[in-house]
Amino acid sequence: MAENQQLIEGNQTYASLDTVIGDVVLDQRRHKLPWLTTFGIASIFALFVLPLTLAWLLYQGIGVWGNNIPVGWGFPIVNFVWWIGIGHAGTLISAILLLLRQQWRNSINRFAEAMTIFAVMCAGMYPLFHTGRPWVAAYWLLPYPNIMAVWPQFRSPLMWDVFAVSTYFTVSLVFWFLGLVPDFATLRDKATNKFAKYAYAIPAMGWRGSHRHWHRYEQAYLILAGLSTPLVLSVHTIVSYDFAVSIVPGWNVTVFPPYFVAGAVFAGFAMVLLLAIPVRALYGLKDLITMRHIDWMAKIMLTTGLIVFYGYNLEVFYGWFSGEKVETALMQWRFYGPYAWAYWLLIFCNGIAPQILWSPKARRNIPIVWTVSFIVTIGMWLERFVIIPMSLMRNYLPSSDRMFIPTFWDFSMFFGTIGFFIFMMFLFVRFMPSITIFEMKDLLYKLGADKKPQSDAVGAGEAH
Amino acid sequence: MEDQTPNRLDMDLVRQKLADKRGPAYWRSLEEIAETPEFQGWLDDEFPHRRTLLEIDRRSLLKYMGASLALAGLAGCRGMELEELKVVPYVKQPEEMVPGKPLFYATAWTLGGVGLGLLVESHEGRPTKIEGNPDHPGSLGATTAQTQAAILSLYDPDRSAMVLNDGDGSTWDAFMDAVAAEFSNQKAVHGAGIRILTEVVVSPTLKAQLDGFLKVYPGARWHQYEPFARDNAFDGANLAFGQPVEAVYHLTKAKVIVSLDSDFLQDGLESVVLARQFAEGRRKLTAEDMNRLYVFESQLTCTGATSDHRWSMKPSSVHAVATALLQSVRSQGAVSPPKELSGADFNAVVQDLLAHRGQAVVIVGDQQPPEVHAIGHALNVALGAVGQTVTYHEPRAAHAVHTGRDLKSLVDDMNAGKVDVLVMLGGNPVFDAPVDYNFGEALKRVSRLRIRYGLYEDETTDACAAVDGGHSWHLPATHFLEQWSDTRGYDGTATVAQPLTAPLYDARSPHQLVAALAGDGAPGHDLMSDGYQIIADHWQSSGHISGDFDKGLAEVLHAGIVPNTTLAPRVVALKTFDAAPPSTTGFEVVLRPDPNLHDGRFNNNGWLMELPRPMTQLVWDNAAIISLKDAETLGVQRGDVVQVTVGKQTLAIPAFPQPGHPVGSVLIHTGFGRTKTGSVGMPTQHQSLMGFDLYAKTVGVDSYVLKTSGAAAYVTGATLTKTGQSETLVSTQIHHSMEGRDIVRAGTLAEYLRVPSLNPDKLANPPIVEQGDLDTGVPTETPEQPNIDMYPEEIWTTNLPQWGMTIDLNLCTGCNACITACQAENNIPVVGKTQVMKGREMQWLRIDRYYGGADPDNPSEVLVQPVACVQCEKAPCEPVCPVGATVHSHEGLNQMVYNRCVGTRYCSNNCPYKVRRFNFLDYSNLQFQFTEPATLINKIYKKDGVSLLKMVSNPDVTVRGRGVMEKCSYCVQRINDARIEAKKAGQEIQDGAILTACQQVCPTKTILFGNIADKKSEVFKSRSDERAYRLLEELNTRPRTSHLGKVRNVNPAITAQEGTA
């Protein structure tokens, strides 16, 4: 049972924690073929496919995608929202669970935060490159005093996005980096390779682990956690305003802010699980990311999945109850139109598949959890697809209706960013500690598990 | 560069060198000369030649177009000067030409045997926009879509630019020398071997010249041919009256109009004035004043959509309807109703006609056989319409013939070997002559000299050059804006047409050519300057310009009309005639000129290729238009290729099921499937990278293979079979139902009188009688909910004009003139078939077309609605732009700021009308992919050099770059211009001073624009009309454009709308 399982297993000591986590980074021989292969493929996408796509895009124009009038936003915005959503899990785990004093966050927060940073990087490419003229969009969207005496138009949700996403990225980055400083110091101290020593010494910024250092660290970390917490709710709320503030049928839905935030957490946890499960298996971190963690993450996924499913049902309800012909037409289009397959697949992926997680046995079953996470990741992408381009295909004036058909370049940019994400994640796993070393030590201390092993509870053995 | 410039003497040497050569040797010597530094220098300095035209830099080109540039052609005239004193502007003399302010010149053009008076806007000597001439009775200020697009053809880089001799480049002087010998031979036999083939000639001068030619060469013959000349009308008039009279309709006097397969509201240049007259009868919405239109047609047309009652039937069935109507009218009551409509309905139509004797008219369409035309004339006589709603006159064509038979006699002569010299002025007979004439084969028997004069090098040019034996010459024709000419309008009013620019290429007008051939031109004669003289001489001798001729001519040129030149009336007496009903078996294939490309002459015009055809909204293709039932029977869907077989001729063409199309009939437009045309008609050679622009080998299918020389313009006995293949047909509208929403408001006259706003909710739910009305018993309509404002609008507190527009759907026929006018005025690019397929057409104005009724095969109504940016007062596009590129002006305009737009497209998403257009690719520059290969290399290395197509751009309107949003701006450039003028004059802007492009060209005056804050303005009155409503008003967008509901004057006796096959 879950209660019997500990948050840290395997008779860990402070030293063993250093080794378990640190050696993943310091002992480069730990990264064998699986890492190389995946990294190799990801590099092709990140270093070849993605730059080529962006270059072609800049050269030809966004006409290389499938967008048209009325479907002004297609894959790029779908992917943008998808990536930002994925990033929310990290911040929630890092910030909110910290403030809520959930100790189980300690082993997953670093990994999740890294995921957030890289997801936001992927997401951030889109708002810039999806514009028709990114070479001016890059700076005209920023409020700086200029000789034209023209400010950006602040009533636009896209401007709020600019602030939200940039704030989110900045705060997350600082938060993540701050948390890494003591660990860099650990690695600096433990590293035998001279180059590694220097490489870690620089970001460690002279950390000595002194009292004063820790004191300031805790203060800063707490402040940043306090800043990040509202971001979890606000960023995706603002992203949802891109749609909710408009008059497009299917977009101006009041439930979007909480629905999007829940969806973001949903997608984020799915991605955390998707990545954490293989990493913990391949790098021997099962004692630190235990079945209990998996169990709880699955529960959060289930909860947010239920909220999202509630959102779907509400949308259908609105379509009927509002009496708006346009809304009803949109619902029928979703049910029976050419892209109905996407809608029903979405219902399955996000509504039906996660229900298996009600069962504790299922939550403990790694293959099931991983599969459900994968399905949910796809489902969340489909949700953005159903909301964004599909709603635009049906309009107030039926004469404007058009089909949206994605093109090769739509997919290539999407897979390019996925490749970029994996590329960065794998670099991270290889060169930075995936789990916060000192926080695990802290947890060890709090759990009292550093005492000698006793007969019953502690050290119940490897979980699977 | 300086030291390379040759002096004039060397130039003459160059010319002489060239002029002496013939055949392949000519090219070698040109290359030899080309190598010399003098020649290079000459090319660099003064361009004239086509090869360098595309590399000309802007300054030179402007110089060239200027009023006083010496046009130095390779072998053309030397030192031609466009005599500015001869070209007379409409408004101001050229001495007052102010750079930046356009001048307007009156001129005219001819299409299909009818002329149309025009005013052409000229910027610094460069024509950029065509408008109608308000003083011309056939135009009244309006034009058609084809007229608007004609300006693009002027700047078409694919136009024929150079004289070709057997396919090699040559000169006019060489041509004159070459033919001199042949013609002098012919003189000996009185020209027995000479044949001249022209299109239908309307120009009095050309007629006189050709007559003069025939006097010089009495053995020669002059033939006329156009594939869609009014041959059936010609024969019909002969059948009915014994003389080929021209019918001129006066629809303002008509209360009942019956159209027998005639698309008179959209087809042909006469549709401008006929639509205007028809619209006048729709303005007063009472039972006594409003006219009524019955249409019996074999395809869904604009006229059918505008009609009050429409029956669709196979073309052969129209005969039965016509006969029954005639018998009934003559018998003062309905007799033997045709099976195409119910007895009750037929009776109602007959009674309506009888009740409006003298105020009724019957119009028969061109594709109907002569018998139906004759029946139509008989009906008009029986209804007492002659002299009232229709008058009969001398033919408008200068020399009226049945062009089909005229061509036949020419082909017979050709086959018999009697033709030594064939001169073809215009037309494209190898492409569009009836297949059974086999003109291409007959051409091979013209063994000595084939002279082809045309605007493009086309199939006929190639066929001429391919013949063994003799010589063939291709002579580049001038565009109508480059030549002195004349024409006659719908009612015969003549216009002396002046050019707007010197010819851009080495071209001559047809008058100059005929004059030269008639012997006025000796070898080396300067053909160019004679163009004006020929016209002037003719008009001087015609006696129509009295008094001081020069002054009189200047006035005529200024006004654009020659007074007192209407068609002379003819007295007609109805004969008895035999009108046997046509046989009918199998499918009936109707071949009509494409509404945009006509018979194929506009095949290379990008605007017309991409303009959605009325009703089908097809672009870049023709199709076999069939009924939904037939499609189901055949098992084909849109785009599935069907094999249309008539006798030995067969054609594979994609099908297009069309609601409202009769069962058993196929409509195929002609003008497509050209094998030798420019890069719009044949874009394959310009594939661009990564295949994001995919073109078929040829655009559309050549349907002339089915055109035989039968009496009617439809072919019977066809079979259709499914081939199993399919093509992509692109149309700009995929959904045709309003789905019960309040989009187009329409109702019958009775409904209008009951609920003037035609609000569908109110029509469905009768209003509650208010307490106060119990006395009168008249129900009060509950007032519309007043606009509730949280913040009072500042803009209403200023004195600034508040711009607004109304579009009266009751008058709109859906003719598409407004769309093309907007495209011309606002520099809107052509994007090509693939981009339109993806949904990226760029026209700012679109005409939506909805079908109503339960039966898709027989829509009970067809509604059209022009939609452009409605300039919402509370525009949803404004708050969502992150950079503030769309803002609101104090005059009520929603302004699109191109240079601020970064292209996030949120504004387009938030626009409920979807009127915003985005430059997804570099469309404005990629237009030149239609003329220059859109290869990477070309894009990189295309340096200085102004592509000729850019010259059509309106300099007052920005050309938008890639990644920028654009939309209708209420022609803000015209508003600004008017504001400046008013300010200079110290006045307010007068009502009617600003005409938006769409407003100006609309034949029916559907669109009104002006200051809605001015209670005396036309637009205010129109907006206050009870029928006025705002599109999507419930979204609280407060549009400045109002639409006015359509009222159908249904005959109360016709209860069910029946359109049978």
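Throughout, protein chains are lettered first and strands after them, A, B, ... in sequence-line order, and every chain is numbered starting at 1.
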Q. Which atom pair, heavy atoms only, marks the closest approach of A:Ser156 to B:Val880?
A. OG-O, 2.7 Å

Q) Donor-acceptor pair, B:Asn910 side chain versus A:Ile247 backbone, under 3.5 Å? A) yes

Q) Counting only heavy atoms not in A:Phe335, do more than 12 fall under 6.0 Å of its CZ? A) yes

Q. Which bit of B:Ser737 comes within less than 4.5 Å of chain A, counting heavy atoms only: side chain, backbone, both or neither?
A. backbone

Q.
Tell me which of these, A:Trp160, A:Trp251, A:Phe154, has more heavy-atom pairs under 4.5 Å with chain B than the rest.
A. A:Trp251

Q.
Once rounded to the nearest 0.5 Å, what's the spacing between atom CD1 of A:Ile69 and atom CD of B:Glu841?
A. 9.0 Å

Q) Which heavy atom in A:Leu397 sits nearest to a heavy atom in B:Arg741, and how many Å separate them? A) N-NH1, 4.3 Å

Q.
Give me the atom names and distance for the closest heavy-atom approach of B:Arg905 to A:Ile62.
A. NH1-CD1, 2.9 Å

Q) How far does CG of A:Asn395 sit from NZ of B:Lys914, to the nearest 0.5 angstrom? A) 5.0 Å

Q.
Heavy-atom count check: over 12 atoms from other residues, nucleotides or ligands less than 6.0 Å from A:Tyr139 OH?
A. yes

Q | Which portion of B:Pro879 sits near chain A, non-hydrogen atoms under 4.5 angstrom | A | both

Q: State, with a plain yes or no, whether a side-chain heavy atom of A:Ser399 is found less than 4.5 Å away from one of B:Arg846.
A: yes

Q. Highest number of heavy-atom pairs under 4.5 Å with chain A: which of B:Val887, B:Val915, B:Ile743?
A. B:Ile743

**Q.** Value rounded to 0.5 Å, distance of OH in A:Tyr396 from CG in B:Leu1031
**A.** 12.5 Å

Q | More than 12 heavy atoms from other groups under 6.0 Å of OH on A:Tyr343 | A | yes

Q | Contact listing (chain B partner; residues 387-394 of chain A; heavy atom under 4.5 Å) | A | A:Leu392, A:Arg394

Q.
Counting only heavy atoms from other residues, nucleotides and ligands, does the tally under 6.0 Å from CD of B:Glu739 exceed 12?
A. yes

Q) In terms of heavy-atom pairs under 4.5 Å with chain B, which of A:Val150, A:Ile405, A:Asn252 leads? A) A:Val150

Q) Of all of B:Val902, B:Val883, B:Thr732, which one pairs up most often with chain A through heavy atoms under 4.5 Å apart? A) B:Val902

(Q) Which one wins on heavy-atom pair count under 4.5 Å against chain B: A:Val162, A:Asp161, A:Val326? (A) A:Val326

Q) Which of the residues B:Pro876, B:Ser908, B:Cys901 is involved in the greatest number of heavy-atom pairs with chain A at under 4.5 angstrom? A) B:Cys901

Q) To the nearest 0.5 Å, what is the distance between CZ (B:Arg917) and CG (A:Asn68)? A) 10.0 Å

Q | Over all atoms of both residues, closest heavy-atom pair of A:Gly132 and B:Phe918 | A | CA-CZ, 3.9 Å

Q) Take atom CH2 in A:Trp320; do more than 12 heavy atoms of anything else shown fall under 6.0 Å from it? A) no

Q | Engaged part of B:Thr904 at the chain A interface, taking heavy atoms whose separation is under 4.5 Å | A | both

(Q) Quick check on B:Gln865 against chain A: is it the side chain, the backbone, both or neither that has a heavy atom closer than 4.5 Å? (A) neither

Q: Pick whichever of A:Gly72, A:Pro398, A:Pro134, A:Ala329 has the most heavy-atom pairs under 4.5 Å with chain B.
A: A:Pro398

(Q) I'd like to verify something: which residue of B:Gly884, B:Gly963, B:Pro882, B:Pro912 has the highest number of heavy-atom pairs under 4.5 Å with chain A? (A) B:Pro882

Q: Compute the centroid of each ring, for B:Tyr906 and then for A:Trp73, and state whether the two points are separated by less than 6.0 Å.
A: yes

Q | Part of B:Arg900 lying under 4.5 Å from any heavy atom of chain A | A | both

(Q) Treating A:Gln153 as the side-chain partner and B:Thr886 as the backbone partner, does any N or O pair qualify as donor plus acceptor under 3.5 Å? (A) no

Q) Looking at A:Met148, A:Arg402, A:Lys325, which makes the most heavy-atom pairs under 4.5 Å with chain B? A) A:Arg402

Q. In terms of heavy-atom pairs under 4.5 Å with chain B, which of A:Asp242, A:Val136, A:Val245, A:Thr407 leads?
A. A:Asp242

Q: Would you mind telling me which of B:Val867, B:Val964, B:Asn919, B:Asn899 has the largest number of heavy-atom pairs within less than 4.5 Å of chain A?
A: B:Asn899

Q. Any idea which heavy atoms bring B:Ile734 and A:Met403 closest together, and the distance?
A. CD1-N, 4.3 Å

Q: Hey, could you give me the CZ/OH distance between B:Arg962 and A:Tyr59, rounded to the nearest 0.5 Å?
A: 9.0 Å

**Q.** Under 4.5 Å from a heavy atom of chain B, the part of A:Phe129 involved
**A.** neither

Q.
How close do A:Val248 and B:Asn909 get, counting heavy atoms only, and between which atoms?
A. CG2-O, 3.1 Å

